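Worksheet: one structure, shown below.
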Amino acid sequence: QVQLVESGGGLVQPGGSLRLSCAASGIIFSINTMGWYRQAPGKERELVATITSSGSTNYADSVKGRFTISRDNAKSTVYLQMNSLKPEDTAVYYCSARYTSYKWGQGTQVTVSS
């Protein structure tokens, strides 16, 4: 049974930082492209960042230079370091794993507000 469990969300002030983690089980983690997506109220889910099995990364233009995705294959965990957070980063953040199909976590809320 595939499980992706996100953690690390919360309330942070503008300009602050958060680090999201996603622990995976039930998949061969090292061969999966891992990703972070987000969905704000009333909006569609959008790509934040992805990292391939070889470590190549891709970012949405809105987060380039502020967010960093990384992975630890030994721990079957993917991370999203989020710096210089803005109110528009407020959303539910979802972890994804993709090999032949997408698998999703349950999401973690990130709220950026003063």
Side-chain angles (χ1 to χ4, degrees):
Q1 182 180 357
V2 177
Q3 278 195 312
L4 301 175
V5 180
E6 301 101 333
S7 60
L11 174 64
V12 63
Q13 292 187 343
S17 298
L18 282 175
R19 189 194 196 203
L20 304 183
S21 300
C22 172
S25 60
I27 60 172
I28 305 174
F29 182 83
S30 61
I31 65 174
N32 275 260
T33 290
M34 301 301 297
W36 289 96
Y37 291 72
R38 66 186 181 188
Q39 187 167 18
K43 295 188 177 182
E44 293 188 352
R45 190 174 298 189
E46 64 176 3
L47 169 72
V48 176
T50 60
I51 183 166
T52 68
S53 58
S54 61
S56 296
T57 58
N58 180 53
Y59 295 92
D61 287 344
S62 59
V63 307
K64 281 181 181 176
R66 300 188 298 123
F67 291 10
T68 303
I69 189 171
S70 61
R71 64 191 296 162
D72 185 336
N73 288 341
K75 295 182 178 179
S76 296
T77 300
V78 62
Y79 305 97
L80 185 68
Q81 178 66 45
M82 305 186 294
N83 299 328
S84 302
L85 282 161
K86 305 175 181 181
E88 51 263 44
D89 295 317
T90 295
V92 177
Y93 283 70
Y94 296 91
C95 173
S96 72
R98 177 175 62 84
Y99 184 57
T100 58
S101 62
Y102 279 91
K103 305 295 189 293
W104 298 94
Q106 81 288 349
T108 185
Q109 177 70 47
V110 171
T111 302
V112 185
S113 175
S114 54

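Please read all numbers here as calculations on a predicted model, not as lab measurements.
Proximity of L80 to F67: side-chain heavy atoms (C-beta onward) are separated by under 4.5 Å at one or more points. Within the 4.5 Å cutoff, the side chain of V78 has heavy atoms near those of the W36 side chain. Between N32 and K103, every side-chain heavy-atom pair lies at or beyond the 4.5 Å cut-off. Residues Y93 and M82 have side chains in contact (heavy-atom distance under 4.5 Å, counting atoms from C-beta outward). Between C95 and M34 the shortest side-chain heavy-atom distance falls below 4.5 Å. Side-chain atoms of L18 and L85, non-hydrogen and from C-beta on, do get closer than 4.5 Å to each other. At least one side-chain heavy atom of T108 sits less than 4.5 Å from a side-chain heavy atom of L20. Looking at S17 and Q81, their side chains come closer than 4.5 Å, going by heavy atoms from C-beta outward.
The two atoms that bring P14 and S114 nearest to each other are CD-N, 3.7 Å, heavy atoms only. The minimum heavy-atom distance between S96 and Y102, with the atom names listed, is CB-CD2, 4.3 Å. Summarising the geometry of V63 relative to V48, their closest heavy-atom pair is CG2-O, 3.6 Å, with the distance given to 0.1 Å. Looking at every heavy atom in both residues, S21 comes nearest to T77 through CB-CG2, 4.3 Å. Heavy-atom minimum distance, V112 versus T90: N-OG1, 2.9 Å. Heavy atoms only, all atoms of each residue included: I69 and T57 are closest at CG2-CG2, 3.7 Å.
V12 and V92 fall into different hydrophobic clusters, where Ile, Leu, Val, Met, Phe, Trp and Tyr side chains are chained together by heavy-atom contacts under 4.5 Å. One hydrophobic cluster, built from ILVMFWY side chains closer than 4.5 Å, holds both Y59 and V110. One hydrophobic cluster, built from ILVMFWY side chains closer than 4.5 Å, cannot hold both I27 and Y99; they sit in different ones.
The environment of CG in L11 is crowded: more than 12 heavy-atom neighbours from other residues, nucleotides or ligands sit within 6.0 Å. Annotation for E88: atom CD counts as buried by contact number, over 12 foreign heavy atoms lying within 6.0 Å.
The closest side-chain donor-acceptor pair between Q106 and E6 falls under 3.5 angstrom. Y37 and R45 share no donor-acceptor pair across their side chains, judged by distance under 3.5 Å alone. A side-chain N or O of T52 and one of S54 form a donor-acceptor pair less than 3.5 Å apart.
Remark: side-chain polar atoms of R38 are not paired, donor with acceptor, to backbone N or O of A91 under 3.5 angstrom.
In this structure, R19 satisfies the cation-pi test against Y79, with its NZ or CZ atom closer than 6.0 Å to the six-membered ring centre and inside 45 degrees of the ring normal. Geometrically, R71 engages F29 in a cation-pi contact defined by less than 6.0 Å to the ring centre and at most 45° from the axis.
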Using salt bridge (charged side-chain N to carboxylate O under 4.0 Å, His left out), reason through D89 and K86 one step at a time and then give a plain yes or no.
CA-CA 5 Å; D89 295 317; K86 305 175 181 181; over 6 Å; no
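Atom-to-atom distance recorded for R98:CZ and I31:CD1 is 12.0 Å, nearest 0.5 angstrom.
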